2 protein chains.
Amino acid sequence: MATIKDVAKFANVSVSTVSRVLNASGYVEKNTEERVLAAIKQLNYKPSQIARGLVNKQTKTFGLVLPDITNPFFPELARGAEDEARLHGYNIMLCNSDWDIEKEKMYLGILQEKCVDGIILVGSRLPEAYLAEMLAAFATPLVLLDRTSSLEVHSISINNILSGYLATKHLIEQGYRSIAHIAGTPSPTVEQRLIGYKQALAEHDILFDEVLVFQGDYRISGGATAMQRILRLRNLPDAVFCDNDLMAIGALEALQEAGIKLPEQMALVGCDGISLGKYVCPRLTTIFQPTYKMGSMAVQLLFETIHKGEATAFKHIEMEPVLVVRESSPRKHNCQEQ
Amino acid sequence: MATIKDVAKFANVSVSTVSRVLNASGYVEKNTEERVLAAIKQLNYKPSQIARGLVNKQTKTFGLVLPDITNPFFPELARGAEDEARLHGYNIMLCNSDWDIEKEKMYLGILQEKCVDGIILVGSRLPEAYLAEMLAAFATPLVLLDRTSSLEVHSISINNILSGYLATKHLIEQGYRSIAHIAGTPSPTVEQRLIGYKQALAEHDILFDEVLVFQGDYRISGGATAMQRILRLRNLPDAVFCDNDLMAIGALEALQEAGIKLPEQMALVGCDGISLGKYVCPRLTTIFQPTYKMGSMAVQLLFETIHKGEATAFKHIEMEPVLVVRESSPRKHNCQEQ
DNA sequence: CTGAAAGCGCTTACAG
DNA sequence: CTGAAAGCGCTTACAG
C-alpha cells in the first residue's frame, strides 16, 4: 500500500501538504492540489484510517454486541444500526455473545482495545453491579439496548411489563383462563415480562401459578422442549405466552407433533414481531417491537454523546410494544383462511 | 485511557519493558514483571490495538460484505464467519451492500482504509473486469463467497447449476410439466441456476420458455409480485422454482391470497434452506446449502492466505447443494399433516 | 535483564 | 501557501 510519504514524494511536496488536501484543511495552491490529487490517483493511495485514528483518537467504528445474529430478532436491529452508522461514515463491528455473560465481558474488553468510538450492548445479562464498575473504568460511550438499568447509561428498551401484560390480557380476553408462560434466558427483560403477565392475571382474578412458568432459551428448540413439558402437565393450560417468537414457533411445532390444534385446543402468543411469525401456520399472534428503529436510535444516541461530550444527561428511552393479533390466539380460525 | 507510558511510569520501568511483558517477548525479571502486571491492573490498562496495528500491520479484523443481514440466509453465514474468526482472536466488520454494486465498491474502499486483514465478499455482483482491476491494486486477502470467478481469488460457492437442476428435476419427476422460474437479482449465481433449470428441462424434453422466467429481488415482496405476474398468465404453470426461500415465501403468500392450493394447484420449490422454510405452511421444499460452514471456511481461507503468504494457489471450493423435500412440492399433501 | 531510539502512517500546530 | 518537527501509542532492533 502506498503511504502518504509516497504520495508526497510523487507529487514533490511535503506530507503536510498532502495531508492538507486530504482533509481540505488549510490553504493549498490550486496547482499543488492538482498534483497531489493526481499522485493519489496514480498510486491508488488510500489514507490509513488506523494511523489517522491514532492521532485523531477515533476509529469511526462502533461495536455491536448482541446475543445471536442468527436469531431473527437481531438482524433487523443490526441493520438499523448499520444504516444509521453508515450515514455518518461509521462502521459496525459485530459480536455475538450468546446470552453468555463471560462472552459479553470478553467482547467489551476487545472492543475497548480496538478503540471503537462507541458500543451498543444488546440484551445484556451483566449484573448491575458489574455494569456500574465497568462504567466507572470506561471511557467509551455506551448504550444499552433492550435492557434497562438504573445506572448512568443511555438505554433504549421496550416497556416489557406492558409486553407481558398485553399478551396475557389478550389471551384472557379471548376467554382463556389457564395461561402458561415460556420465559427467555433470565435477564431483567424476562423479569419484567413476568411482572406484566402477573399483572394481567391479577386484574382478572386469576391466580398466578408458578408451575405454569417454564424456562426457555429464546431458541426454537427451547420452545419445543418447554412445550413438551407443558404437555405432560396433568391439567393442560389452554394458552401459552412465549417470551419470543422463536420459542413460540418451537412450541407450535411441538403442538403439531402432538396433534393439538391451534388455537382451538391451545392458543399461542409470541413476542418480538419477527417477520417469520407472519408466515408460520397458524400465523403467530405477537407483541411487536420496533426493532430496526431501536438499532438506529442507539447509533444516534452514540453520536449525541460523542458530540455533546460527557455532560449530557443520560436518556432512558422506552418504546411501546404493540399487540399484533394473527391466527394463533383468537378463538375460531384456521390455517387456510386469510 | 491509560497508555503504556502511564504503566511504565507507575511501575518505574521503561515502556520497552512494559511492552515485553505485554507480549511475553524477551526476558523480564520476575520481580519487574510482577510490578508491571500490578501497574496494568491498577491503571486498568488495555493496550491500544490500533497503535499496535500500526506497527504490526494487522488489525485483527476482517471485513464481511454481504447483501443484507436481514435476509435470513446471511446471519447463518455471518455467524459461521464470526465464530471462526473469534477462535483466532479476530473480529468481524459487518457491511450490507443491498446487492448494490456501488455500495460494494464503497465498502471495499472503506475496509481497505480501515486496514482490515482480509475481506469476505458475499454474493458480489461486481463484474469480472472490475474485480480483476481491483485485485491488481489490492493488498488485502480476499475471498469470494457465493460467487464464482475465473480470476486469481479464493472462492467458495455452491454448485448453482446443480441447484437449479435438482430443483427443476424434482418438480418434473413429481409430474409437473410447466415450470416457471422466479430469478434473483442478476448475478453469476442466478445465471448458473438458470442453466441448471434449462438442463433439467432439456433432459426431459420440455421446451424452455422464456416467458416463464420472472425477475425477482430475493425479497419476500419481490416473490409475491412475481407470483402475481405469473397468475396473470393465460396458461398457468403448475410449478415454480424460486431462486431463494424468501421469494418462495412471498410467492406462497400471493398464492394463498389468490386462493390457490399448494401443491395441488401449484407446486413451489425454494433455494437456500433457511430455517424459516421449515415453518411456513405448507413447509417449503428447498435446495439446502451449508451456509454456516461456508462462512467459517471463508475465514479459514483468509487465515491460510495470511499465514502462507502470497504464493498459495488460489482455491475454488464448490459445495454441493442438497434437495430437501417438504410439503410444497410433492403431489398430495397438506398443511395440517405431519 | 533493561532502556533509549527509531519508526509505523498519519495530523497538527508552528515557522516562514 | 508550504515544510519541518513533534506526537498519537505502540513494537522492535540495538546497546549496554
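This one's a predicted model, so the numbers in the text were calculated from it and none came from an experiment. These values consider heavy atoms only, across backbone and side chains, with no hydrogens, waters or symmetry-generated copies. Chain identifiers are assigned alphabetically (A, B, ...) following the order of the sequence lines, protein sequences preceding nucleic acid strands; residue numbering begins at 1 within each chain.
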How would you list all residue pairs meeting side chain to side chain donor-acceptor pair (under 3.5 Å) that involve residues 114-143 of chain A, not counting sequence neighbours? T59(A)-D117(A), Y90(A)-D117(A), E104(A)-S124(A), K114(A)-N91(B), E128(A)-R147(A), E128(A)-S149(A), E128(A)-S150(A)
How many whole angstroms separate atom NZ of K57(B) from atom C1' of dG7(C)? 10 Å
Once rounded to the nearest 0.5 Å, what's the spacing between atom CZ of F74(A) and atom CG of L145(A)? 9.0 Å
Return the nearest nucleotide to the side chain of S48(A); candidates are dT2(D), dT2(C), dC10(C). dC10(C)
If I compare all heavy atoms of Y45(A) with all of A2(A), which pair ends up nearest, and what's the gap? CD1-O, 3.3 Å
Would you please say whether a donor-acceptor pair under 3.5 Å links the side chains of T17(A) and S14(A)? yes
Can you list the residues that meet the ring-ring contact (aromatic ring centres under 6.0 Å, His included) rule with H316(B), with sequence neighbours excluded? none
At under 4.0 Å between heavy atoms, what does K30(A) touch on the DNA or RNA strands: base, sugar-phosphate, or nothing? nothing
Please report, rounded to the nearest Å, how far the C1' atom of dC10(C) is from the NZ atom of K46(A). 17 Å
Stems in DNA chain C: runs of 3 or more consecutive Watson-Crick or G-U pairs, distances under 3.5 Å? C:1-3 with D:14-16, C:5-12 with D:5-12, C:14-16 with D:1-3
For I50(B) and dC10(D), what is the distance between atoms CD1 and P respectively, to the nearest whole Å? 10 Å
Looking at T17(A), I'd like to know whether one of its side-chain N or O atoms comes within less than 4.0 Å of OP1 or OP2 on dG3(D). yes
If each of V13(B) and T3(A) is mapped to the nucleotide of DNA chain C with the nearest heavy atom, which maps nearer the 5' terminus, i.e. the 5' end? V13(B)
Determine whether a donor-acceptor pair (N or O, by modelled atom type, separation under 3.5 Å) exists between the side chain of D6(B) and the backbone of T3(B). yes
Q49(B) CD to dG9(C) C1', straight-line distance once rounded to whole Å: 17 Å
Whole angstroms only, please: what is the CG-C1' distance between L54(B) and dC8(C)? 4 Å
Rounded to the nearest 0.5 angstrom, the NZ-NE2 distance for K60(B) and H88(B) is 10.5 Å
If you take any heavy atom closer than 4.0 Å to DNA chain C, which residues from residues 32-40 of chain A end up in contact? none
Inspect the surroundings of NZ in K103(B) and state if more than 12 heavy atoms from other residues, nucleotides or ligands are less than 6.0 Å away. yes
Write down the atom of T148(B), the atom of S157(B), and the distance for their closest heavy-atom approach. CG2-OG, 3.3 Å
Give a yes or no on whether the backbone of R219(A) and the side-chain of D217(A) come within a donor-acceptor separation of less than 3.5 Å. yes
K5(A) atom NZ is separated from dA4(D) atom C1', nearest whole Å, by 13 Å
Length of the line joining M1(B):CE and dC8(D):P, which is rounded to integer Å: 15 Å
Per-nucleotide protein contact string for nucleotides 11-16 of chain C (B base, S sugar-phosphate only, - none; heavy atom under 4.0 Å): SBB---
Return each pair, listed once, that meets side chain to side chain donor-acceptor pair (under 3.5 Å) where at least one residue sits in residues 31-43 of chain A; pairs must be two or more places apart or across chains. none
If you count heavy atoms of other groups shown closer than 6.0 angstrom to NZ of K105(B), is the number above 12? yes
Here the distance between atom C1' of dT2(C) and atom NZ of K9(B), to the nearest Å, is 19 Å
